[in-house]
Amino acid sequence: MNDCLFCKIIKKEMPSNIVYEDEEIIAFKDINPAAPIHILVIPKKHIEKVTDINTEDEAVVGKIYTVINKIAKEQGIYEKGFRVIINCGEDGGQQVKHLHFHLLGGKKLGPKIVG
Ligand code: 5GP
Ligand code: ZN
């Protein structure tokens with residue numbers, strides 16, 4: 001947990017381009033964007049992956065979606081649309097083991113949702 005990359009970003013021990021922050025949630029630009037707008041929205045609590053979400057996390061996970069809407073408005077993609085992706089575990093292609101929601105937009109994304 002202490003060497004978690006995203007926990008380091010939360011603690012400002014690692015630089016990042018933050019677009020939103022409150023007491024429970026932080027959002028920052030992906031370092032290797034897959035679309036013109038690619039933002040990672042994460043809970044500040046270290047939850048490793050989707051399957052580690054428990055009942056006490058329901059509120060923050062729900063709030064992440066209202067934060068996504070707020071960011072989408074600020075980024076000018078609220079009307080045109082966007083994609084939200086969460087990778088879970090090895091087969092899901094998850095590389096960073098701290099739950100994160102990819103917010104992707106800024107162009108018409110392809111029809112593929114799996115690769
Ligand atoms: P995953 O494959 O785990 O779903 O997504 C991890 C994401 O984190 C990738 O899109 C990758 O580009 C991004 N990422 C990895 N390291 C860093 C970093 O140090 N800073 C930022 N801002 N994004 C990162
Ligand atoms: Zn973490």
Side-chain angles (χ1 to χ4, degrees):
M1 179 164 166
N2 287 336
D3 55 0
C4 170
L5 182 65
F6 288 174
C7 280
K8 285 184 179 146
I9 285 176
I10 291 162
K11 289 185 276 182
K12 315 272 166 65
E13 291 171 8
M14 271 271 298
S16 70
N17 197 332
I18 296 166
V19 299
Y20 176 88
E21 181 170 16
D22 66 27
E23 61 286 349
E24 296 173 301
I25 294 165
I26 192 166
F28 51 90
K29 292 187 178 172
D30 195 291
I31 205 167
N32 184 23
I37 292 165
H38 187 172
I39 290 162
L40 301 173
V41 187
I42 74 173
K44 287 189 171 175
K45 178 184 173 185
H46 181 87
I47 300 168
E48 185 176 316
K49 56 188 185 297
V50 167
T51 47
D52 292 317
I53 296 169
N54 59 45
T55 50
E56 72 187 29
D57 305 318
E58 286 171 356
V60 73
V61 170
K63 187 179 172 189
I64 281 175
Y65 283 98
T66 59
V67 167
I68 284 171
N69 287 343
K70 185 178 163 63
I71 296 167
K73 278 181 189 156
E74 287 167 2
Q75 298 287 328
I77 58 172
Y78 185 83
E79 300 295 338
K80 282 200 143 187
F82 50 84
R83 188 171 288 165
V84 179
I85 294 175
I86 312 169
N87 298 320
C88 177
E90 198 179 335
D91 277 5
Q94 183 178 3
Q95 288 177 340
V96 179
K97 292 180 172 45
H98 183 128
L99 179 67
H100 51 282
F101 294 62
H102 295 258
L103 169 59
L104 296 149
K107 70 170 186 182
K108 194 161 180 64
L109 299 167
K112 279 189 162 186
I113 58 165
V114 291

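Here the structure is a predicted model, which is why all the values come from computation and not from measurement. Ligands are counted one by one from 1 in listed order, and the atoms in each one are counted from 1 as well. Residues: numbered from 1 along the sequence shown.
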Side chain or backbone of Met14 under 4.0 Å from ligand 1, or both, or neither, by non-hydrogen atoms? side chain

Hey, any chance Ile37 and Val19 share a hydrophobic cluster, counting ILVMFWY side chains that come within less than 4.5 Å of each other, even indirectly? yes

Which of the numbered atoms in ligand 1 are under 4.0 angstrom from any heavy atom belonging to Phe28? 22 (N)

Which residue and atom name correspond to the protein heavy atom nearest atom 9 (C) of ligand 1, and how close is it? Asp30 OD2, 3.3 Å

A student checking ligand 1 against Phe6 at a 4.0 Å heavy-atom cut-off should list atoms 8 (O)

Can we say Lys63 and Asp22 salt-bridge, meaning some charged N sits less than 4.0 Å from an Asp/Glu carboxylate O? yes

Shortest protein heavy-atom distance from atom 22 (N) of ligand 1, along with the residue and atom involved: Lys29 O, 2.9 Å

Only N/O/S atoms count here: what is the atom of His46 closest to the Zn ion (ligand 2) called? ND1

Any idea which of Asn17, Ile31, Asn87 brings a heavy atom closest to atom 14 (N) of ligand 1? Ile31

If two hydrophobic side chains count as joined below 4.5 Å and joins carry through other members, does Leu109 share a cluster with Ile77? no

Return the minimal non-hydrogen interatomic distance between Asn69 and Tyr78, and the atom names on each side. O-CD1, 3.7 Å

Angle subtended at the Zn ion (ligand 2) by SG of Cys4 and ND1 of His98, nearest 10°: 110°

For the student: nearest non-hydrogen atoms of Ala72 and Phe82, plus distance: CB-CE2, 3.6 Å

Exercise: identify the closest heavy-atom pair between Ser16 and Ile9: OG-CG2, 3.4 Å

What is the ring orientation for His38 with His102, classed by angle as parallel under 30°, tilted 30 to 60°, or perpendicular over 60°? tilted

Given the rule in the salt bridge (Lys or Arg N to Asp or Glu O under 4.0 Å) test, do Glu90 and Lys49 qualify, once you have shown the distances and angles that lead to the verdict? CA-CA 11 Å; Glu90 198 179 335; Lys49 56 188 185 297; over 6 Å; no

Taking only heavy atoms of Gln94, which atoms of ligand 1 are found under 4.0 Å from at least one of them? 3 (O)

Nearest heavy atom to atom 5 (O) of ligand 1, choosing from Gln95, His100, His38, belongs to His100

Pairing of Glu56 and Lys45 as salt bridge, 4.0 angstrom limit: yes

Distance from atom 16 (N) of ligand 1 to nearest protein heavy atom, with residue and atom: Leu5 CD2, 3.3 Å

The atoms of ligand 1 lying under 4.0 Å from a heavy atom of Asn32, numbered in the order shown, are 12 (O)

So, does His102 sit close enough to ligand 1 that a heavy atom of it is under 4.0 Å from the ligand? yes

So if I count the atoms of ligand 1 from 1 in the order they appear, which ones are less than 4.0 Å from some heavy atom of Gly93? 2 (O)

For the student: nearest non-hydrogen atoms of Pro43 and Ile10, plus distance: O-CD1, 3.9 Å

Tell me the nearest of Ile42, Leu40, Leu104, Ile85 to atom 8 (O) of ligand 1, using heavy-atom distances. Leu40

